[in-house]
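Below is one structure, written out as structure tokens; the observations come after it.
Numbering of residues begins at 1 and proceeds along the displayed sequence. Just so we're clear, the structure is a prediction, and the values are computed from it rather than from any experiment.
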Amino acid sequence: MALDNLWAPWRIKYVQGLDEQPSPAEKNKEQTTEGSRCFICHNIEHPQQDNDNMVLWRTKTSIVILNRFPYNNGHLLIAPIRHIAELGQANDEELLEMTKLIRESQKALSLALKPHGFNIGMNFGRGAGAGLPAHLHIHVVPRWDGDTNFMSVCSDIKVISQSLSELLELLKQVSKEHNLPNL
């Protein structure tokens with residue numbers, strides 16, 4: 001079914017005038033990180049809290065975290081250790097390691113959850129859907145045939161079938177058994 005365009009040229013002044021104030025959702029996230037404006041940086045700075053912060057892996061230049069607000073079970077975030085917002089700010093070592101971590105994340109999730117596919121994505125800026133626009137991160141989202149059902153269609157509710165802590169332990173076990181991440 002093709003979508004029709006609804007032209008609304010009067011909205012351009014609003015869109016161009018949006019300020020850089022954090023959204024209410026971002027403010028809530030900020031309040032949970034002990035004053036830090038970035039939950040990823042908070043997790044990086046507190047390795048003793050890795051289980052509570054759902055950190056799966058730490059590498060030389062990156063961190064892999066379970067998303068607390070997942071699109072699907074197994075939704076991971078891969079981010080550089082450095083607090084940067086854009087791909088152009090990442091050096092070659094960071095880019096290569098994050099790309100390898102996408103591969104390793106797919107391996108771990110495939111072994112643990114057996115998804116039928118993956119969505120890999122990045123959002124730059126609030127207008128593109130970034131919930132944390134100031135810290136570059138990559139979404140790795142496992143998908144299954146038919147994973148959209150009546151709950152999301154009728155109620156705007158997504159059913160996540162496994163707790164984050166249970167999933168974290170499973171992924172850590174699979175990682176240990178299969179020497180992941182193998183960079």
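Considering all non-hydrogen atoms of both residues, P133 and G125 come closest at CB-CA, 4.2 Å. Here the closest non-hydrogen pair linking C38 and L132 is SG-CD2, 3.9 Å. F118 and P142 make their closest contact through CD2-CA, 3.8 Å (heavy atoms, listed as atom of the first residue, atom of the second, distance). In plain terms, the two heavy atoms of W57 and S175 that are nearest each other are NE1-OG, 3.0 Å. Of all heavy-atom pairs between L113 and G74, the closest is CD1-CA, 3.9 Å. Of all heavy-atom pairs between E94 and P80, the closest is OE2-CB, 4.3 Å.
Here the side chain of R58 pairs no donor or acceptor atom with the backbone of D50 at under 3.5 angstrom. With N91 contributing its side chain and E93 its backbone, the two residues share a donor-acceptor pair below 3.5 Å. Using modelled atom types, one side-chain atom of E97 and one backbone atom of S62 make a donor-acceptor pair closer than 3.5 Å. Under a 3.5 Å cut-off, the side chain of Q89 and the backbone N or O of E86 do form a donor-acceptor pair.
Residue Y71 is not grouped with residue L164 when hydrophobic side chains (ILVMFWY) are merged at heavy-atom distances under 4.5 angstrom, including chains of intermediate members.
Note on ring orientation: taking the six-membered ring where Trp is involved, the planes of H83 and H135 are perpendicular (angle over 60°, cut-offs 30° and 60°).
Atom CZ of R143 and atom NE2 of H75 lie 11.0 Å apart (nearest 0.5 Å). Atom CG of L87 and atom CE of M122 lie 4.0 Å apart (nearest 0.5 Å). For the atom pair N73 CG and Q162 CD, the distance stands at 4.5 Å (nearest 0.5 Å). Taken from CD1 in I40 to CG in L136, the straight-line distance is 8.5 Å, to the nearest 0.5 Å. Note that CD of Q49 is 8.0 Å distant from CG of N43, once rounded to the nearest 0.5 Å. Atom-to-atom distance recorded for N123:CG and I138:CD1 is 11.5 Å, nearest 0.5 angstrom.
Contact of the W144 side chain with the N72 side chain is registered, since non-hydrogen atoms from C-beta on lie closer than 4.5 Å. Side-chain atoms of H46 and V55, non-hydrogen and from C-beta on, never get closer than 4.5 Å to each other.
Not counting sequence neighbours, the partners of L111 by the side chain to side chain contact (heavy atoms under 4.5 Å, CB included) test are V174, H178, L180.
For the side chain to side chain contact (heavy atoms under 4.5 Å, CB included) test with V64, the passing option among L101, V140, T59, L77 is L101; the others fail. With respect to H139, the side chain to side chain contact (heavy atoms under 4.5 Å, CB included) criterion is satisfied by exactly one of N119, N67, I78: N67. Here the rule is side chain to side chain contact (heavy atoms under 4.5 Å, CB included) with I120, and of V141, L76, T99, I102 only I102 fits it.
Here K107 pairs with E104 in a salt bridge; the nearest charged N to carboxylate O distance falls below 4.0 Å.
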Problem set entry | Verdict with reasoning, K60 to L183, per side-chain contact (heavy atoms from CB on, under 4.5 Å) | CA-CA 10 Å; K60 181 179 176 186; L183 302 180; over 6 Å; no

Problem set entry | side-chain hydrogen bond (donor to acceptor under 3.5 Å, both in side chains) between Q173 and E169, intermediate numbers included | CA-CA 6 Å; Q173 178 185 343; E169 288 309 310; over 6 Å; no

